[in-house]
Amino acid sequence: MEKDLDAVLTDFPKDKFRDHLVDWFLSEKRDLPWRENKDPYRIWVSEIMLQQTRVDTVIPYYNQFMQQFPTLSDLANAEEEKVLKAWEGLGYYSRARNLQTAVKEVQENYEGKVPSTIDEISKLKGVGPYTAGAILSIAYGVPEPAVDGNVMRVFSRILTISDDIGVPKNRKIFEKAVKALISHDNPSAFNQGLMELGALICTPTNPACLLCPVREECLAFEKGLVNELPIKSKKKKPKPLQLVVGVIQNQEGKFLIQQRPENGLLANMWEFPTAEVESDTVQKNEILAFFLNEKYDLQSGKFNYLFSVDHIFSHLIWKMDVFFAKTTSNVESETYRFVTLDECKELPFPVVHQKIYQQIEKSLL
DNA sequence: AACACGGGGCA
DNA sequence: TGCCCAGTGTT
């Protein structure tokens, strides 16, 4: 396939494509909060938030985040728990942890100034090939490719590239195409224009070809292949996992919560005590009682079934049965403690456990 | 190369 | 339901 690409690029009207794309972006671009200025820190935060996350979802988080952590040093000096709380609900929480790690590194090794070379910026935690190119081109005007899902979709159509965009190594093919076409006068507008085009015009289904600024140059449009491209392999279905959750109240009316491990799923976030069970388990409340009494030395009473919650992640499904019990114990440590529901709201909780404390709160009213 | 890693929106 | 989203780190 790569041989074809060279041939296609040779005949491709590069200047026309560049100009049409850049002009369109400059006149039609959306007014987004991270486009206020070129502060590399602001661009950086936006690019991390936008990973696998829609613009409309990001906007309120971004505004709140920039208000809370206006500068790189504000973020570097913040407590991780505050950063996670600001990220709560956005998902992929390692993004927040890695961003803070990287920001501290910039503070220490680069005198607080975000590095402007591909080699240096790529070493930062959480900054992969896409984000490196995005920050360099948008904040510093460096002509580096920033290939994301939008760009692969757009280019697969523009140049009729039929390599599977779900296969990671194929990203290099698209980087090569971008390098061959990118505007050196305005790499920022070129890269953002590609993404803007993917978001607004060259959408996955029902692309608005009649409104497309580069329809003239689009080989897929010319050949009637727009609906056949891009090629993308299917993802695996998430695996169901059966969990039991204990809502345990002490004699002051407070609830037991625990902090998750510092690695893996929902790292360092708080939750109601949870245990995995075999999917065919019948006496879930007894399993739960055994597990919790073992782990926390609770003198808990009987566990009564409350309700069930299903929660879908990208790679698994939690099927949770929630039980309630009273305890006379009051044990606490670094990673578990008794809190009021209002105190829960000050700590970073994954959405699925927010659902649980909201249900509890509702039933108490 | 495959998998882990969230959550929401939309046809 | 299934797919997609301004991807990266780990194994």
Side-chain angles (χ1 to χ4, degrees), chain A residues 25 29-30 32-35 43-62 84 87-99 101-102 121-139 144-154 164-172 174-175 178 188 190-200 202-207 230 232-239 241 260-261 263-269 271 310-318 348-355:
Chain A
F25 176 73
K29 65 179 176 185
R30 288 169 291 178
L32 300 172
W34 45 90
R35 289 179 176 164
I43 306 295
W44 185 4
V45 172
S46 76
E47 291 302 339
I48 300 298
M49 284 193 173
L50 286 161
Q51 289 170 9
Q52 299 293 286
T53 312
R54 285 188 163 70
V55 165
D56 290 341
T57 305
V58 167
I59 290 172
Y61 281 92
Y62 181 80
L84 271 182
W87 212 271
E88 182 188 82
L90 204 47
Y92 286 140
Y93 299 98
S94 66
R95 291 183 295 174
R97 290 150 40 79
N98 291 341
L99 174 60
T101 301
I121 204 168
S122 299
K123 288 191 185 117
L124 298 172
K125 201 86 168 163
V127 178
Y130 163 75
T131 306
I135 298 173
L136 289 186
S137 61
I138 298 171
E144 281 288 330
V147 174
D148 68 342
N150 283 314
V151 174
M152 288 194 283
R153 182 176 60 256
V154 169
D164 186 341
I165 67 168
V167 175
K169 71 173 166 59
N170 287 342
R171 197 195 68 249
K172 291 195 178 303
F174 294 90
E175 285 178 347
V178 172
S188 168
F190 183 89
N191 278 344
Q192 291 188 80
L194 284 178
M195 295 186 272
E196 196 87 342
L197 193 65
L200 300 180
C202 197
T203 48
T205 58
N206 304 321
K232 185 164 190 184
S233 50
K234 311 230 182 286
K235 286 185 184 166
K236 292 191 345 181
K237 278 206 286 200
K239 285 230 160 42
L241 212 55
R260 295 179 59 84
N263 291 304
L265 184 63
L266 305 170
N268 280 358
M269 300 186 82
E271 66 180 2
D310 287 357
H311 191 76
I312 301 170
F313 297 91
S314 41
H315 58 305
L316 51 88
I317 302 177
W318 278 358
F349 262 64
V351 166
V352 59
H353 283 269
Q354 292 176 45
K355 288 181 193 166

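Chain identifiers are assigned alphabetically (A, B, ...) following the order of the sequence lines, protein sequences preceding nucleic acid strands; residue numbering begins at 1 within each chain. Basis for what follows: all heavy atoms, side chains included, without hydrogens, waters or symmetry-related copies.
In the set C:dC5, C:dG7, B:dC5, C:dC5 carries the atom at the smallest distance from any side-chain atom of A:R54. The side chain of A:M195 lies closest to C:dA6, out of B:dG6, C:dC4, C:dA6.
A donor-acceptor contact under 3.5 angstrom links the side-chain atoms of A:T53 to the base of B:dG6. Evaluation of atom-type donor-acceptor distances gives no pair under 3.5 Å for the side chain of A:R95 against the base of B:dC5.
Among the protein residues, A:P350 comes within range of the sugar-phosphate backbone only, with heavy atoms under 4.0 Å from sugar or phosphate atoms but none that close to a base. At a threshold of 4.0 angstrom between heavy atoms, the contacts of A:G198 with the nucleic acid are absent. Looking at heavy-atom distances under 4.0 Å, A:R30 makes contact with a base. Nucleic acid contact class of A:L316 (heavy atoms, under 4.0 Å, all strands): none. Using a 4.0 Å heavy-atom cutoff across all strands shown, A:W34 reaches at least one base atom of the nucleic acid. Residue A:T57 is classed as having no contact, given no heavy-atom separation below 4.0 Å to the nucleic acid.
Nucleotides B:dC10 and C:dA6 have their P atoms positioned 13 Å apart, rounded to a whole Å. Nucleotides C:dT8 and B:dG8, compared at atom P, are 23 Å apart to the nearest Å.
Minimum interatomic distance between A:Y93 and A:W87 (heavy atoms only, all atoms of both residues): CE2-O, 3.4 Å. Of all heavy-atom pairs between A:V178 and A:P145, the closest is CG1-CB, 3.6 Å.
In this structure, A:I59 atom CD1 and B:dG9 atom C1' are separated by 14 Å, rounded to whole Å. In this structure, OH of A:Y92 is placed 12 Å from P of C:dC5, rounded to the nearest angstrom. Counting to the nearest Å, the P atom of C:dG7 and the CG atom of A:N170 are 17 Å from each other.
Within the structure, every side-chain polar atom (N or O) of A:H315 is placed at least 4.0 Å from both OP1 and OP2 of B:dA4. The shortest distance between the side-chain N/O atoms of A:H311 and the OP1/OP2 oxygens of B:dG7 is below 4.0 Å. Between C:dG7 and A:Q52, a contact under 4.0 Å exists linking OP1 or OP2 to a side-chain N or O. Put simply, A:K235 has no side-chain N or O that comes within less than 4.0 Å of OP1 or OP2 on C:dG2. Distances shown here put a side-chain N or O of A:R153 below 4.0 Å from the OP1 or OP2 atom of C:dC5.
Residue order along DNA chain B, read from the 5' end via each residue's closest nucleotide, puts A:F349 first among A:N206 and A:F349. Remark on DNA chain B: of its neighbouring residues A:P168 and A:V351, the 5'-side contact belongs to A:P168, judged by nearest-heavy-atom nucleotide. In this structure, A:A199 and A:K237 both approach DNA chain C, and ranking their closest nucleotides by distance from the 5' end singles out A:K237.
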Tabulate protein N/O versus nucleotide N/O from nucleotides 8-11 of chain C, keeping only pairs under 3.5 Å, one per line.
{"from": "C:dT8", "atom 1": "OP1", "to": "A:G128", "atom 2": "N", "distance (Å)": "2.9"}
{"from": "C:dT8", "atom 1": "OP1", "to": "A:G128", "atom 2": "O", "distance (Å)": "3.3"}
{"from": "C:dT8", "atom 1": "OP1", "to": "A:T131", "atom 2": "N", "distance (Å)": "3.0"}
{"from": "C:dT8", "atom 1": "OP1", "to": "A:T131", "atom 2": "OG1", "distance (Å)": "2.8"}
{"from": "C:dT8", "atom 1": "OP2", "to": "A:Y130", "atom 2": "N", "distance (Å)": "3.3"}
{"from": "C:dG9", "atom 1": "OP1", "to": "A:G126", "atom 2": "N", "distance (Å)": "2.4"}
{"from": "C:dT10", "atom 1": "OP1", "to": "A:K125", "atom 2": "NZ", "distance (Å)": "3.3"}

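Between the side chains of A:Q192 and A:R35, at least one donor-acceptor pair of N or O atoms lies under 3.5 Å.
Not counting sequence neighbours, the partners of A:S94 by the side-chain contact (heavy atoms from CB on, under 4.5 Å) test are A:N98.
For the pair A:I138 and A:W34, the minimum side-chain heavy-atom distance is 4.5 Å or more.
A:H311 contributes atom NE2, which lies 9.5 Å from atom CG of A:L316 (distance to the nearest 0.5 angstrom).
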